[in-house]
Amino acid sequence: MAIGYACLTIGVPGTELSRCTLKNASEVRLRELIIHNLTALEAMIDYNIKNNLMFFRISSDIIPFGSHPVNQLAWWKDYEDILYSIGRKIRESQMRVSMHPGQYTVLNSFDENVIENAVKDLLYHDRLLDSLGMDSKSKLVLHIGGVYGDKKKAGKEFVNNFKKLPNSIKNRLILENDDKNYTTQEVLEIAEQTKSPVVFDNLHNTLNPSLKSLDEMEWMIECGKTWRTEDGKQKIHCSQQGKGATPGSHSNTIWMNPFLEFYANVPAEADIMLEVKDKNLSAVKCRNTACYNANGMELEKEWAKYKYYVLSRSAALYSEIRQLLKDKKSPLAKEFYEKVETAMILSEDKGAEVNAAEHVWGYISKDSSTAEKNRFQKLISGYKNGDNSIVPVKKHLLKCAAIRKIDYLIESYYFYL
DNA sequence: TGACGTCAAGATCCG
DNA sequence: CGGATCTTGACGTCA
């Protein structure tokens, strides 16, 4: 059982991905981007190892235009060594990685060109995993695709096109229920014909329920039966509906208590991929509360990253959590994260924001230049009287912290939440 | 024709 | 001119 996150790492310098538009995709630019993104990927892998996050989805954007004719580079050869050394870290740590071509990779289209592009895109993803030296337990998640007015027929088209794929892709593909078209039940029927494992997605299953009425646990068991030894552990997607957002959009964080209820029904062996905006933050939180009760030392590490964020929401909560962590013998991971989540749902409090900003500024002010001082004062008073939001204040503080290489501040979630 | 989703690039605006 | 903020891009389907 591992809990993972997708594509991006928050609050870790050096993990930012870059890209370009089609018209700027020169060979030189593409090479720069590939080097940059592989370096970022390695930083994400390092972070995962250091933080014992052993399940991870690699972003499709690592190789820009990876399946587009504008990119004619033999990147898998030119960057073989970097790819291999990243892959070695993944294997030696026994991390499981996967990829997920997006909603625009449609294998069952009635348009020949779209199918052709989908196959190219699958080849790109497969090749990246191969280049890292991953085996077929490193999966490619795919949706069935469009309906085109006749779902049965479109499902058959998917199976037909699947059969034409190279074996290495067939062995990697796993099929996921989606939020609008193909239900868990329908995906299971298609997967039976392609002999593919099925990924259960809880939010999609809620938004687009099957005809047959099974509960979440029963569907997860049904999907579990499609996973063979050579596929590795069953994979499950977990996300929560963003409050006040359009149906299907992901929440800012995985709320702990609903997650724990969901987790109780997840088959013991399954790996859970979280789809959530705060990425690694939720993965750590869910791991620390669901898989085991994190000890005081681990919570102190988390607190170091959350503290200025919490302070920026509420000084009272800040004090409460500090008090909570003083008693390190009793189990308190859930209480800790419950309070952090309380901070997240508070509405903006200008007094608290100013207090936190000034607190952070305290680490910088001692050796700050006049220009830095003036800018901080200007932005803070601008925030107080409504000329600007807190965002530029935080940006300025982060910049000052980065210049001084104050890791303790740079890694604070205060700047990223 | 635009919404959908993603998130950095690119463009524009502002002092 | 630098920095903040707003808009575009690239993909395919569906209303």
Side-chain angles (χ1 to χ4, degrees), chain A residues 5-10 14-26 29-30 32-34 36-37 40 44 57-71 99-122 124-125 141-151 153-154 157-158 161 176 178-182 201 203-204 207-208 237 239 241-242 245-252 275-279 371-372 374-376 378-379 381-383 387-400 402-403 416:
Chain A
Y5 68 100
C7 305
L8 302 175
T9 309
I10 288 180
T15 61
E16 302 86 357
L17 298 179
S18 297
R19 31 187 208 187
C20 68
T21 51
L22 193 48
K23 67 175 164 61
N24 293 328
S26 65
R29 185 71 183 124
L30 288 172
E32 282 172 8
L33 290 169
I34 292 170
H36 179 272
N37 289 346
M44 293 186 217
R57 180 189 299 165
I58 295 174
S59 168
S60 297
D61 295 337
I62 299 295
I63 309 294
F65 299 100
S67 62
H68 191 286
V70 78
N71 186 341
M99 295 187 79
H100 187 1
Q103 55 180 311
Y104 300 111
T105 304
V106 181
L107 191 60
N108 75 334
S109 176
F110 60 77
D111 181 334
E112 287 285 338
N113 282 325
V114 172
I115 298 171
E116 199 183 308
N117 289 339
V119 174
K120 279 183 193 160
D121 202 39
L122 292 173
Y124 153 63
H125 285 86
V141 184
L142 190 67
H143 294 290
I144 302 302
V147 171
Y148 314 107
D150 185 345
K151 210 189 271 186
K153 195 177 152 202
E157 187 63 16
F158 181 89
N161 293 339
E176 182 193 352
D178 68 76
D179 59 339
K180 290 196 170 66
N181 301 326
Y182 294 87
D201 184 299
L203 182 58
H204 294 165
L207 292 165
N208 184 23
H237 286 180
S239 58
Q241 174 63 49
T246 58
S249 73
H250 296 148
S251 57
N252 291 331
E275 295 182 314
V276 59
K277 294 193 178 131
D278 72 358
K279 306 291 181 184
E372 286 172 335
N374 289 344
R375 178 152 180 79
F376 177 72
K378 178 180 169 283
L379 288 171
S381 55
Y383 173 64
D387 290 342
N388 53 265
S389 71
I390 196 68
V391 175
V393 178
K394 288 187 180 185
K395 274 189 182 165
H396 179 57
L397 288 169
L398 178 56
K399 200 178 153 191
C400 292
I403 289 168
Y416 310 100

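Chain naming here is simple, since letters A, B, ... match the order of the sequence lines and numbering starts at 1 in each.
His396(A) contributes a side-chain N or O that, together with a main-chain N or O of Glu372(A), makes up a donor-acceptor pair within less than 3.5 Å. Using modelled atom types, one side-chain atom of Asn37(A) and one backbone atom of Asp61(A) make a donor-acceptor pair closer than 3.5 Å. Judged by distance alone, with hydrogens and angles left aside, the side-chain atoms of Asn108(A) form a donor-acceptor pair with the main-chain N or O of Ala154(A) at under 3.5 Å.
Computed from C1' positions of five pairs at each end, the angle between the two local axes of the helix from dT1(B)-dA15(C) to dG15(B)-dC1(C) equals 80°, rounded to 10 degrees.
Of all nucleotides listed (dG3(C), dA8(B), dA10(C)), dG3(C) comes nearest to the side chain of Arg375(A). Candidate nucleotides dT5(C), dA9(B), dC11(C) were compared by shortest atom distance to the side chain of Arg19(A), and dA9(B) ranks first. Closest to the side chain of Val106(A), out of dG12(C), dA9(B), dC4(B), is dG12(C).
As judged by a 4.0 angstrom heavy-atom cut-off over every strand, Thr246(A) is placed among residues touching the sugar-phosphate backbone only. Contacts of Gln103(A) with the nucleic acid, taken as non-hydrogen atoms under 4.0 Å apart, include base atoms. Residue contacts for Lys399(A): at a heavy-atom cut-off of 4.0 Å it reaches the sugar-phosphate backbone alone, with no base atom in range. Lys120(A) comes within 4.0 angstrom of no nucleic acid atom, judged by non-hydrogen atoms across all strands. Using a 4.0 Å heavy-atom cutoff across all strands shown, Asn117(A) reaches sugar-phosphate atoms only and no base atom.
Checking the phosphate oxygens (OP1, OP2) of dG5(B), no side-chain nitrogen or oxygen of Ser249(A) falls inside 4.0 Å.
In this structure, Lys153(A) fails the cation-pi test against Tyr148(A), since its NZ or CZ atom is not both closer than 6.0 Å to the six-membered ring centre and inside 45 degrees of the ring normal.
Within a 6.0 Å radius of NZ in Lys378(A), no more than 12 heavy atoms belonging to other residues, nucleotides or ligands are found.
Of the residues near DNA chain B, Lys378(A) and Lys23(A), the one whose nearest nucleotide (by heavy atom distance) lies more toward the 5' end is Lys23(A).
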